[in-house]
Student: 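Structure in structure tokens, see below.
The structure presented is a predicted model; accordingly, all values stated were derived computationally and were not measured. In what follows, chains carry the letters A, B, and so on, assigned in the order in which the sequence lines appear, proteins first and then strands, with residues in each chain numbered from 1.
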Protein chains: 2
Amino acid sequence: MSAAENQKLKQVLREHELKATTQRIALLKLLDATNEHFDAEEIYLELIKKQKNVSRATVYRSLEALVEQSLVARLDFGDGRMRFERSKGEDEHHDHLICEDCGKVIEFFNPEMEAQQLAVCEENDFTPSTHTMHIFGTCSDCKSVK
Amino acid sequence: MSAAENQKLKQVLREHELKATTQRIALLKLLDATNEHFDAEEIYLELIKKQKNVSRATVYRSLEALVEQSLVARLDFGDGRMRFERSKGEDEHHDHLICEDCGKVIEFFNPEMEAQQLAVCEENDFTPSTHTMHIFGTCSDCKSVK
DNA sequence: GTGTAGATGAGAATCATTCTTATTTTCCAT
DNA sequence: ATGGAAAATAAGAATGATTCTCATCTACAC
């Protein structure tokens with residue numbers, strides 16, 4: 001169905017010193033094909049639904065390896081489980097607005113905010129590696145319903 | 001040892017429509033007396049160490065009630081457990097720099113960053129309630145050791 | 001094609017947190 | 001001060017997400 005895509009993902013994995021297993025390829029392909037923020041269980045169920053032979057343990061282990069290689073980003077919305085999204089690269093960093101009513105996630109990127117973050121780090125002689133900025137509240141749709 | 005302090009906390013609890021139980025008073029007193037960011041288990045162990053009769057379940061339930069009343073703030077550093085700190089009030093909001101080496105937490109408050117956050121919310125017709133801004137990295141102490 | 005380091009599957013184990021139920025406390029009204 | 005209803009607690013079972021164990025399997029360098 002997508003031999004070319006498979007080859008590309010295989011190469012991506014190898015470039016990151018990860019063996020190109022069918023499970024990892026399927027997982028990356030799944031995340032590539034969606035804009036949603038799946039949790040591990042959802043990813044597992046989606047792969048099962050697609051007739052992919054995979055176990056929960058492998059989903060968790062693969063995600064861990066992919067996150068370590070920055071091929072996938074781990075998101076913590078504070079509700080007790082981690083979400084994951086395909087990360088295209090450092091340059092595509094973004095933060096999130098999270099609707100507490102419907103769970104919708106709006107992504108945003110604000111250069112000035114990022115600059116302020118760097119300024120704070122400098123003030124404190126702190127070397128940043130990553131950051132999370134999540135704003136919780138009510139989205140426009142849910143607001144109008146009220 | 002601190003009858004006056006107990007009375008004050010008792011009053012604070014009642015003002016927030018919470019029954020002033022010995023467990024809740026002890027918990028608040030503990031958080032008042034530290035600048036650390038304890039997790040539920042640490043709070044439980046500290047109270048036990050202080051000869052306070054309390055159960056884990058009560059720690060969790062009390063924290064939930066106190067967070068709901070904004071007497072305590074719940075912090076999520078993304079390591080699988082929630083931390084808690086006494087919140088003196090809305091005006092004392094702050095964000096965190098978290099050292100990935102030693103676990104130290106540096107608090108900061110940057111008005112311009114807060115302003116940017118509000119701007120992003122407006123752009124997206126989003127009504128914010130709370131937010132978390134955590135910057136992970138290496139603190140000056142750990143940097144110099146390397 | 002082979003060997004081996006690394007990956008996987010299945011389910012047990014773990015860890016933080018929540019729930020259950022019987023008992024105990026708080027605190028309002030007396 | 002005292003009785004009682006509503007709320008809170010203790011103890012441990014239950015849950016849900018995640019990690020671990022170990023026997024088996026697979027990718028891939030040779």
Student: Between C:dC27, D:dT18, D:dA8, spot the one nearest the side chain of B:T21, thanks.
Tutor: D:dA8
Student: For a quick test of reading the model: is some side-chain N or O of B:R14 closer than 4.0 Å to OP1 or OP2 of C:dC27?
Tutor: yes
Student: Report the distance from atom CD of B:E42 to atom C1' of C:dA16, rounded to the nearest whole Å.
Tutor: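 My rounded result for the distance is 13 Å.
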Student: What nucleic acid atoms does B:R24 come within less than 4.0 Å of, heavy atoms only: base, sugar-phosphate, or nothing?
Tutor: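 Sugar-phosphate contact only - B:R24 comes under 4.0 Å of backbone atoms but never of a base.
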Student: At under 4.0 Å between heavy atoms, what does A:D39 touch on the DNA or RNA strands: base, sugar-phosphate, or nothing?
Tutor: nothing
Student: Counting only N and O atoms by type, is there a donor-acceptor contact under 3.5 Å from the side chain of A:T138 to the main-chain atoms of A:K143?
Tutor: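 Side chain of A:T138 to backbone of A:K143: no pair is present.
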Student: Does OP1 or OP2 of C:dG9 have a side-chain N or O of A:N53 closer than 4.0 Å?
Tutor: yes
Student: Would you say the side-chain atoms of B:R86 pair up with the backbone N or O of B:L71, donor to acceptor, closer than 3.5 Å?
Tutor: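 Checked: pair present.
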Student: Strictly distance-based, threshold 3.5 Å: is any side-chain N or O of A:H37 a donor or acceptor partner for the main-chain N or O of A:E85?
Tutor: no
Student: Using whole Å, what does the distance between atom P of nucleotide C:dT8 and atom NZ of A:K52 come to?
Tutor: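 Spelled out: NZ on A:K52 to P on C:dT8 is 14 Å.
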Student: Is there a donor-acceptor pair closer than 3.5 Å between any side-chain N or O of B:S87 and the backbone N or O of B:S70?
Tutor: yes
Student: Can you tell whether the side chains of A:R81 and A:D39 come within less than 4.0 Å, N to carboxylate O?
Tutor: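 Salt bridge present between A:R81 and A:D39.
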Student: Would you please confirm or rule out a distance under 4.0 Å between OP1 or OP2 of D:dT18 and any side-chain N or O of A:Y60?
Tutor: yes
Student: Quick one: which of D:dA11, D:dA27, C:dG11 gets closest to the side chain of B:S55?
Tutor: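 Of the candidates, D:dA11 comes closest.
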Student: On DNA chain C, nearest-nucleotide positions of A:R61 versus B:R74: which is more 5'?
Tutor: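 Its nearest nucleotide being more 5', the pick is A:R61.
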Student: If the threshold is 4.0 Å, N to carboxylate O, is there a salt bridge linking A:E46 and A:K52?
Tutor: no
Student: Counting heavy atoms from C-beta on, name the nucleotide in D:dG12, C:dG11, D:dC28 closest to the side chain of A:A20.
Tutor: D:dC28
Student: Rounded to the nearest Å, what distance is computed from the NZ atom of residue B:K10 to the P atom of nucleotide C:dT26?
Tutor: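 Between P of C:dT26 and NZ of B:K10: 8 Å.
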Student: Can a side chain N or O of A:Q23 be found less than 4.0 Å away from OP1 or OP2 on C:dG9?
Tutor: yes
Student: Any side-chain N or O of A:T58 below 4.0 angstrom from OP1/OP2 of C:dG9?
Tutor: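 The answer is yes; a side-chain N or O of A:T58 sits under 4.0 Å from OP1 or OP2.
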Student: Using whole Å, what does the distance between atom C1' of nucleotide D:dA17 and atom CG of A:L45 come to?
Tutor: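 Atom CG in A:L45 sits about 13 Å away from atom C1' in D:dA17.
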Student: To the nearest Å, how far apart are A:L18 CG and C:dA7 P?
Tutor: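 Atom-to-atom, A:L18 to C:dA7, this comes out as 7 Å.
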Student: Rounded to whole angstrom units, what separation is found between the CG atom of B:L47 and the P atom of D:dT9?
Tutor: 12 Å
Student: With heavy atoms under 4.0 Å as the rule, sort B:E41 into base, sugar-phosphate or nothing.
Tutor: nothing
Student: How long is the line joining CD of A:Q69 and C1' of C:dG6, in whole Å?
Tutor: 15 Å
Student: Expressed in angstrom and rounded to an integer, what is the separation of B:Y44 atom OH from D:dA11 atom P?
Tutor: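 Rounded to whole Å, this separation is 7 Å.
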Student: B:S62 side chain: which of D:dC28, D:dT9, C:dT17 is closest?
Tutor: D:dT9
